[in-house]
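Read the numbers this way: they start at 1 and go in the same order the structure lists the ligands and their atoms. Numbering starts at 1 and runs along the sequence shown. All figures in this text were calculated on a predicted structure; none of them were measured in a lab.
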Amino acid sequence: MSGEDVNKQHLQQVMDEAQCLYTGRDIDQALDALASQISEVMADQNPLVLCVMNGGIVLTGQLVPKLNFLLQLDYIHATRYREQLQGSDLQWRVTPATEVKGRVVLVLDDIFDEGETLAGIKSWCEGKGASAVYTAVLVDKQHDRKTATLKKADFTALTAEDKYLFGYGMDYKGYWRNAPGIYAVNF
Ligand SMILES: O=P(O)(O)OC[C@H]1O[C@H](OP(=O)(O)OP(=O)(O)O)[C@H](O)[C@@H]1O
Ligand SMILES: Nc1nc2[nH]cnc2c(=O)[nH]1
């Protein structure tokens, strides 16, 4: 069996044995509530919405059509995990093409785990002169290792137990971002 086959088999086993924490339907309902909360605060602020690539892409695609007000959309790419299961330094890949100075910014990401990624992005936007920076995540992982000064996002759709998660944008070793719910790896 080739290395590639072993890898495929492992990836399939991870999916087959994973625990589904939230189905696509659960998530859609949670995103309706998230959109209402964001709209209450931001509807008149013409925000610049920044999708954090890669993990934020599914949340952004599902949430933005539920935000019924003027906004602009761009993306930012910063990564800490780089397909590993442990985070390290925040590495910048792409900064937004749209000017952040003077804008109210809404940063969208898949998961708030230790918080370093969103804290770093928020601080970068503030350094570029954003007038306010809000953060929203699909899921907040529940544990007491929130190492960043930022302890939670301004808007959180769902919470999850302290396991490695994948699906709805979150990867397992670069795969399964397309899984149609939020899953916990069963190690
Ligand atoms: O709260 P933290 O501990 O900082 O972790 C959260 C970050 O980790 C993941 O990104 P990753 O670095 O894996 O890049 P990805 O978006 O390409 O998956 C996720 O998308 C968040 O951005
Ligand atoms: N895919 C994924 N990325 C993360 N980044 C930080 N925590 C996690 C996690 O549980 N799953």
> Do NZ/NE/NH1/NH2 and the carboxylate oxygens of D144 and K151 come within less than 4.0 Å?
no
> Which is closest to atom 11 (P) of ligand 1 by heavy-atom distance: D171, L138, D113, T79?
T79
> With a heavy-atom distance limit of 4.0 Å, tell me whether D109 approaches ligand 1 through its side chain, its backbone, both, or neither.
side chain
> With heavy atoms only and a cut-off of under 4.0 Å, state how R177 meets ligand 1: side chain, backbone, both or neither.
side chain
> Any N or O of L118 that comes nearer than 3.5 Å to an N or O of ligand 1?
no
> Of the side chain and backbone of D110, name the one, both, or neither that has a heavy atom under 4.0 Å from an atom of ligand 1.
side chain
> Using heavy atoms and a threshold below 4.0 Å, how should the contact between Y164 and ligand 2 be classified: side chain, backbone, both, or neither?
both
> Count the heavy atoms belonging to other residues, nucleotides or ligands that lie under 6.0 Å from OH of Y75, then report whether that count exceeds 12.
no
> From the options T117, L85, L150, select the one whose nearest heavy atom is closest to atom 7 (C) of ligand 1.
T117
> With the threshold set at under 4.0 angstrom, would you say G87 reaches ligand 1 through any of its heavy atoms?
no
> May I ask which of D113, I182, D109 has a heavy atom nearer to atom 8 (C) of ligand 2 than the others do?
D113
> For the 3.5 Å polar cut-off, considering only N or O atoms, please tell me whether F166 and ligand 2 meet it.
no
> Using a 4.0 Å cutoff against the non-hydrogen atoms of K141, which atoms of ligand 2 qualify?
7 (N), 9 (C), 10 (O)
> Do T135 side-chain atoms and D154 backbone N/O form a donor-acceptor pair below 3.5 Å?
yes
> For V52 and ligand 1, does the shortest N/O to N/O distance drop below 3.5 Å?
no
> Assign the ring pair Y183 / F166 to parallel, tilted or perpendicular, where the plane angle (0 to 90°) is split at 30° and 60°.
parallel
> For H10 and Y175: C-alpha separation, side-chain torsions, deciding distance, then whether side chain to side chain donor-acceptor pair (under 3.5 Å) applies.
CA-CA 11 Å; H10 169 67; Y175 287 84; over 6 Å; no
> M53: heavy atom below 4.0 Å from ligand 1, yes or no?
yes
> Would you mind running through ligand 2 and noting each atom that sits below 4.0 Å from a heavy atom of I111?
4 (C), 5 (N), 7 (N), 8 (C), 9 (C), 10 (O)
> Taking the side chain as every heavy atom from C-beta outward, state whether I27 and Y168 have any atom pair closer than 4.5 Å.
yes
> Does a donor on one side chain sit under 3.5 Å from an acceptor on the other, for D89 and Q91?
no
